[in-house]
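Heads up, the thing below is written out as structure tokens.
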Amino acid sequence: MDQARTTISKIFNGEPRSYTRFNLTQNMEGDNSHVEMKLSSDMDDEVEANGVGENINQHNRPYYPSKLNQRSPKTVCGFVIGILFLFIIGYLIGYLSNRSTDKTEIKSNCPVFNEIAPVRVETVYSLDWSDLRALLKKKLTTSNINTSLKEFSSANHQAGSTEDEALANKIMGKFKTFGMSTWTDEHYVKIHEPGSSNNRVLFPCSFITYSVDFRRLRELNIDVNGKAVLVRAGLLSFSEKVANAASLNASAVLIYPDPVNYNIKDDTALFGHVHLGTGDPFTPGFPSFNHTQFPPAQSSGLPSIPAQTITIKQATEIMSKLGGQTSPDGWSDGMLRGTMYSLGDDGDIITVEVNNVLIQKKIHNVFGVIKGYMDADRYMVIGAQRDAWGPGFARSTVGTSLLVELARTITDMIKNDGFKPKRSIVFASWSAGEFGSVGATEWLEGYLTSLSLKMFSYISLDEVISGFDSFKATASPLLYELLESTMKQVMYLKFDATKSLHEQFAGSNWEKSVMEPMGLSHSAYPFQTFSGIPSISFRFTSSYPFGTIEDTDQNLELYTFYNTLKLAKTAGEVVGLVTLRLVHDHLLKLNVAKYTSVIRNYVSQIRSKVESCQMSGRLPSTVTMQWLLSAQGSYDRAASTLVSAIRNSDLEDMEQCRIINNRIMRVEGSLLSPYASLRESLFRHILLGSGPHTLAALVDHLEAIKGGLESADIDQFKNQFALATWTIQGCANALAGEVWDMDNEI
């Protein structure tokens with residue numbers, strides 16, 4: 001009888017039973033699932049933790065005899081046997097039925113779940129930020145970076161060469177090994193190569209000057225019309241120097257490296273290009289795909305005069321033989337050891353002969369992607385130039401190696417540590433970077449429409465290490481806040497003293513100490529100013545011999561005091577943390593409020609100059625600041641409203657976060673002037689680009705109007721003024737959200 005009572009008690013009161021729990025998670029590629037089967041015998045603990053343990057305990061109270069005990073033993077025994085018989089029959093029916101219908105064998109990575117019941121699905125949580133930081137620092141190692149540096153180092157890998165293609169295949173192989181989806185795109189571009197006859201420069205020369213001092217030539221009443229000019233490399237790009245000389249009707253330009261800025265041998269030549277733009281200059285604004293059949297075209301940024309680089313030895317010889325008036329104070333440099341020299345006169349004759357040959361070459365860009373787990377259709381790109389004219393160790397090898405190692409590190413974090421990026425990361429290896437970001441720009445031109453809707457950031461790895469002296473960066477204002485916070489989290493090791501990058505380089509005003517304007521020489525420039533994608537590039541820098549055959553691993557070690565690997569790891573951590581922040585958080589770490597001060601600064605300059613020109617009678621009173629000020633106010637309000645919306649929103653609501661992120665992503669692209677022709681003005685960003693559509697050009701135009709210069713054109717100014725105003729207003733409207741959320745009158 002006691003045994004029967006125990007059996008009945010177990011049936012009705014029960015013991016803690018085991019249950020099967022299935023954990024459904026996606027793998028890195030997002031197309032398979034992982035099934036984790038867990039048998040639990042501690043249900044009581046789990047239920048008590050959820051506040052329902054009291055009910056269970058009630059079933060375990062002491063047993064008290066019921067009226068059942070008052071019946072005869074024969075009746076009770078029959079009753080118990082009947083219950084047990086019914087229980088056994090029911091159990092056997094259920095067991096046999098289950099065996100006949102459920103024949104699925106549960107294995108790891110099995111995609112079939114619909115026949116398993118019940119299934120308990122647990123929410124998948126990503127690692128927190130401190131975990132991600134620690135993992136990145138641990139997995140991005142100097143030993144792996146060193147291996148990649150050796151593997152991707154090459155004495156010669158010019159764009160379109162067999163060596164360049166071999167590197168491309170090697171990078172793609174790495175991406176595939178990491179489990180990434182890969183692809184390539186081909187472009188047929190026109191580039192220059194040396195002809196059968198070498199370029200020649202025959203002395204004597206005419207005039208010598210720095211490109212930044214062309215205006216001083218006018219003050220000295222020196223006319224360079226029809227003359228060859230000798231300019232020092234540095235400050236501006238080669239293309240900007242040649243454009244400045246051409247604007248003064250010079251006949252040719254010779255560019256030399258000053259020993260003050262270049263610690264190279266006297267007979268070492270400089271490599272470079274003089275296209276005032278990026279991409280293939282013979283397909284301006286559209287991609288160089290093989291199937292395109294566009295009529296012959298040419299970029300307006302191609303020079304109209306010949307240009308040639310010369311060595312220190314050649315420049316010294318030319319300068320020592322010039323006649324004419326003596327150079328003014330402050331023009332002395334390292335060429336003649338600080339002595340004064342002459343500027344040349346009409347009796348100095350020089351012959352500049354350029355025999356470059358224009359050829360068409362096929363280039364390859366290589367891509368690998370880590371797909372996001374929530375917003376896979378939103379992605380950022382990390383890119384690095386692959387080609388170089390010479391060894392190009394600092395120019396391309398370091399960036400390429402870091403590209404591969406970051407891909408290795410992040411995929412490893414996904415496979416082995418449970419990291420699940422919300423958005424996708426594309427890793428890109430570009431070709432023909434030496435000719436002006438040709439490979440990258442052609443890709444942007446080919447996919448401009450889709451990129452502007454999907455791509456939210458670009459990080460350049462080009463030239464990240466060239467020395468130990470300083471840390472410089474250039475970026476979209478949207479990324480300033482993220483960069484500063486990252487600098488505070490990355491440690492910088494120098495001479496056994498460990499500080500954060502921010503402590504080492506930021507000083508009292510980090511923007512003034514670290515940030516610099518983004519220009520043509522920065523590989524992130526076309527992403528920022530042509531495509532309207534928030535971009536960033538940075539570098540540990542010194543006076544390094546970029547663009548020469550002296551760009552080798554040995555020289556880079558000398559310039560970094562044999563800390564190349566440590567600096568590479570530090571640079572990799574900066575890129576890695578910025579990347580992880582952009583793909584980990586619910587909201588994009590892009591600060592739209594930062595553009596408020598940038599726009600306000602330009603509007604203040606324009607207002608001051610407009611009032612000055614009107615007071616002097618050079619600008620009619622009908623030109624009003626009302627609408628520009630209104631557009632500025634609209635952006636201020638839209639940015640403030642978005643900040644408030646973020647503060648008051650449920651950031652666990654994924655749909656709400658996606659709506660907010662869409663508004664953030666519209667800002668940069670909305671600052672591209674829709675009224676500028678891509679054929680004439682490729683870099684349409686009105687705040688960071690170049691051309692007559694920019695706010696900087698409006699400031700310069702007002703200065704020309706005030707000075708009564710021939711270049712001043714009031715009607716043209718009024719037209720550009722109106723278009724720039726509406727571009728700002730359009731950006732404010734895009735940031736505000738939907739059309740029914742706007743309160744601005746047109």
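Along the sequence shown, residues are numbered consecutively beginning with 1. Source: prediction; values computed, not measured.
- Remark: Lys589 does not engage Glu481 in a salt bridge, criterion side-chain N to carboxylate O under 4.0 Å.
- Ion pairing between Asp462 and Arg386 fails under the 4.0 Å rule for side-chain N and carboxylate O.
- Scanning for ring-ring contact (aromatic ring centres under 6.0 Å, His included) contacts around Phe717 gives His701, Phe721, with sequence neighbours left out.
- Under 3.5 Å, the side chains of Ser239 and His273 contain no donor-acceptor pair of N or O atoms.
- Counted by atom type alone, Glu240 and Asn244 present zero donor-acceptor pairs between their side chains at under 3.5 Å.
- The six-membered or imidazole ring of Phe471 lies near that of Phe538, with a centre-to-centre distance under 6.0 Å.
- Between Arg395 and Glu434 there is a salt bridge, with a side-chain nitrogen of the basic residue lying less than 4.0 Å from a carboxylate oxygen of the acidic one.
- For Trp129 and Gln489, the side-chain atoms include at least one donor-acceptor pair closer than 3.5 Å.
- Under the 3.5 Å distance criterion, with hydrogens and angles disregarded, a donor-acceptor pair is assigned to the side chains of Asn662 and Arg378.
- Here Asn365 contributes atom CG and Ser431 contributes atom OG; the two are 7.0 Å apart, rounded to the nearest 0.5 Å.
- Side-chain atoms of His522 do not come within 3.5 Å of backbone N or O of Ala524 as any donor-acceptor pair.
- Checked options Asn601, Leu687, Leu688, Thr725; the residue passing with Leu695 is Leu687 (criterion: side-chain contact (heavy atoms from CB on, under 4.5 Å)).
- In summary, the side chains of Asp280 and Ser288 do present a donor paired with an acceptor at a separation below 3.5 Å, with no hydrogens or angles considered.
- Glu668 and Ser476 form a side-chain donor-acceptor contact under 3.5 Å, judged by distance and modelled atom types alone.
- We find that Asp375 and Lys422 are not joined by a salt bridge, their nearest charged nitrogen and carboxylate oxygen being 4.0 Å or further apart.
- A heavy-atom distance below 4.5 Å is found between the side chains of Asp185 and Phe367.
- The local environment of NZ in Lys472 is crowded, with over 12 non-hydrogen atoms from other residues, nucleotides or ligands closer than 6.0 Å.
- The main-chain N or O of Gly372 is found under 3.5 Å from a side-chain atom of Ser424 such that the two form a donor-acceptor pair.
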Practice item. Let me see the working for Phe683 and Tyr525 under ring-ring contact (aromatic ring centres under 6.0 Å, His included), right down to the final yes or no. Key: CA-CA 8 Å; Phe683 310 116; Tyr525 189 72; 4.8 Å; yes
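- The pair Arg600-Asp636 meets the salt-bridge criterion, with a side-chain N (NZ, NE, NH1 or NH2) lying under 4.0 Å from an Asp/Glu carboxylate O.
- Between Glu442 and Thr283 there is a side-chain heavy-atom pair separated by less than 4.5 Å.
- Taking 4.0 Å as the cut-off between side-chain N and carboxylate O, Arg663 and Glu738 do not count as a salt-bridged pair.
- In the model, Trp510 has a side-chain atom that pairs as donor or acceptor with a side-chain atom of Glu484 under 3.5 Å.
- Ring geometry for Phe505 against Tyr492 counts as perpendicular: the plane angle is over 60°, on a 0 to 90° scale with 30° as the lower cut.
- Between the side chain of Lys609 and the main chain of Asp700, no donor-acceptor pair closer than 3.5 Å is present.
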